[in-house]
Colleague: 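After the structure tokens below, expect a handful of questions from me.
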There are 2 protein chains.
Amino acid sequence: MITANAADVDMCEVSVIDRKRVEVARSLMPAIDETDRMAEWFRVLGDPTRTRLLYALLEVGELCVCDLSAVVGATESTVSHSLRWLRAAGIVRARRSGRMMYYSLDDEHVRMLLNLSREHVRHRERGR
Amino acid sequence: MITANAADVDMCEVSVIDRKRVEVARSLMPAIDETDRMAEWFRVLGDPTRTRLLYALLEVGELCVCDLSAVVGATESTVSHSLRWLRAAGIVRARRSGRMMYYSLDDEHVRMLLNLSREHVRHRERGR
DNA sequence: CGCACATATGCACATAGGTTCAAATGTTTG
DNA sequence: CAAACATTTGAACCTATGTGCATATGTGCG
């Protein structure tokens, strides 16, 4: 009798060429909810307005919404909506001062991430 | 008379609180087409299927489409569509061998990026 | 050549998400 | 309190895009 393990799930329907390598990959693959969260994080970063917001905050540390609006060249409403995403993703932190909200980066990884991204873009640029 | 410089563009319409900081941020901000490309790169990564495909390739180096399909648990058509994005973004490379296409990572930064992403996700996980 | 197999592509459909506008909330000031 | 200001929120609109299905392309084999 063949014992069923996690690696056999959903494998019967599709043709597999290198079964061994497939099983190794499946065993090393992160859990689905983990890759989902990772993808969601990237998706939040994957918008030009939000990328620009992050760069603005990266450079000067802290800015209110209307100043961010002036820096990135977007409506204050758009900026507010965008910041909502970034806040929900734990990338940005808000601080209230009077009627203004000051936003700043709240993620140690973002700085490195933006640098990596810029390197990638420039690397590709040279390739053309 | 006030001289107009680059930093004044589009600044007249919105209210600015800290003009000095805004100008600094604007001068340090990457060009729009650069942030656009960065955002596009992130957007390509921002899909669960594609994230999982990258992890599969990260672990075992090279896989054909049907094996990738088995590893990530998606239709071969879906996998092919996803790989198309990754290839267009220069993240993945294809090699033909007979009737099979073998895919592998084609970006030095992706490995580091996925690690950063995973750290972020786990860091947030602990916070709750 | 004709068939089987691996992959790619085009189309259709459903859903997600970005922007705008209008209105609401929260805050300072007179 | 009322008015002005900074920001947020909700709804509507339109575009982008992920997936499934059918079909096309490419390749090896008899």
Side-chain angles (χ1 to χ4, degrees), chain A residues 10 13-19 21-22 32 35-36 39-54 62-89 92-104, chain B residues 13-19 21-22 32 35-36 39-54 57 62-89 92-104:
Chain A
D10 291 339
E13 303 294 344
V14 293
S15 58
V16 173
I17 302 300
D18 189 337
R19 178 173 293 269
R21 211 185 281 177
V22 167
I32 290 191
T35 48
D36 280 355
E40 191 182 338
W41 193 50
F42 286 132
R43 201 175 339 124
V44 171
L45 298 170
D47 172 72
T49 301
R50 294 196 286 263
T51 303
R52 289 177 69 73
L53 284 173
L54 292 181
E62 197 185 46
L63 284 170
C64 65
V65 175
C66 65
D67 281 359
L68 279 170
S69 162
V71 173
V72 306
T75 309
E76 300 175 21
S77 176
T78 297
V79 169
S80 188
H81 278 296
S82 300
L83 288 170
R84 189 185 173 84
W85 283 87
L86 294 171
R87 216 182 342 158
V92 143
R93 165 182 49 232
R95 174 180 73 86
R96 166 148 251 141
S97 173
R99 32 187 142 173
M100 282 174 266
M101 294 287 283
Y102 283 96
Y103 282 87
S104 56
Chain B
E13 303 293 344
V14 293
S15 59
V16 172
I17 302 300
D18 189 335
R19 177 172 292 271
R21 211 184 283 180
V22 167
I32 290 190
T35 48
D36 280 355
E40 191 183 338
W41 193 51
F42 286 130
R43 200 176 339 124
V44 172
L45 299 170
D47 172 73
T49 300
R50 294 195 288 262
T51 302
R52 290 177 67 73
L53 284 173
L54 293 180
L57 296 176
E62 196 185 48
L63 283 170
C64 66
V65 175
C66 64
D67 281 359
L68 279 170
S69 162
V71 173
V72 307
T75 309
E76 301 175 19
S77 175
T78 298
V79 169
S80 187
H81 278 297
S82 300
L83 288 170
R84 188 185 172 86
W85 282 88
L86 293 171
R87 215 184 341 160
V92 142
R93 167 182 48 232
R95 175 180 74 84
R96 165 147 251 141
S97 172
R99 29 188 143 172
M100 282 174 268
M101 294 287 283
Y102 283 97
Y103 283 87
S104 57

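Lettering follows sequence order; numbering is per chain, from 1.
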Colleague: Under the salt bridge (charged side-chain N to carboxylate O under 4.0 Å, His left out) test, which residues partner A:R95, sequence neighbours left out?
Modeller: A:E62
Colleague: Between which nucleotides of DNA chain D, read 5' to 3', does contact with chain A run, using atoms under 4.0 Å from its heavy atoms?
Modeller: D:dA4 to D:dG10
Colleague: Return the set of residues passing side chain to side chain donor-acceptor pair (under 3.5 Å) with B:R50 (not counting sequence neighbours), or none when no residue passes.
Modeller: none
Colleague: Report yes if at least one side-chain N or O of A:T78 is closer than 4.0 Å to OP1 or OP2 of C:dT20; otherwise report no.
Modeller: yes
Colleague: Just to verify, what does B:R43 make a side-chain contact (heavy atoms from CB on, under 4.5 Å) with, not counting sequence neighbours?
Modeller: B:E40
Colleague: How far does CZ of A:R52 sit from CD1 of B:I32, to the nearest 0.5 angstrom?
Modeller: 4.5 Å
Colleague: For B:R99, check side chain to side chain donor-acceptor pair (under 3.5 Å) against everything at least two apart and list the hits.
Modeller: none
Colleague: How would nucleotides 5-16 of chain C be written as a contact map, 5' to 3', with B for base contact, S for sugar-phosphate-only contact and - for no contact, using protein heavy atoms under 4.0 Å?
Modeller: BSBBBB------
Colleague: Among residues 45-53 of chain B, which contact DNA chain C at a heavy-atom distance under 4.0 Å?
Modeller: none
Colleague: Partners of A:R93 by salt bridge (charged side-chain N to carboxylate O under 4.0 Å, His left out), sequence neighbours excluded?
Modeller: A:D106
Colleague: Taking salt bridge (charged side-chain N to carboxylate O under 4.0 Å, His left out) as the definition, give me every residue that meets it alongside A:D47, ordered by chain and number, with sequence neighbours left out.
Modeller: none
Colleague: Among all residues two or more places apart in sequence or in another chain, which pass the side-chain contact (heavy atoms from CB on, under 4.5 Å) test with A:T78?
Modeller: A:T49, A:A74, A:T75, A:S82
Colleague: Check side-chain contact (heavy atoms from CB on, under 4.5 Å) between B:I17 and all other residues, then give those that pass, not counting sequence neighbours.
Modeller: A:C64, A:C66, A:D67, A:M100, A:Y102
Colleague: Can you sort out the partners of A:T51 under side chain to side chain donor-acceptor pair (under 3.5 Å), two or more places apart, ordered by chain and number?
Modeller: none
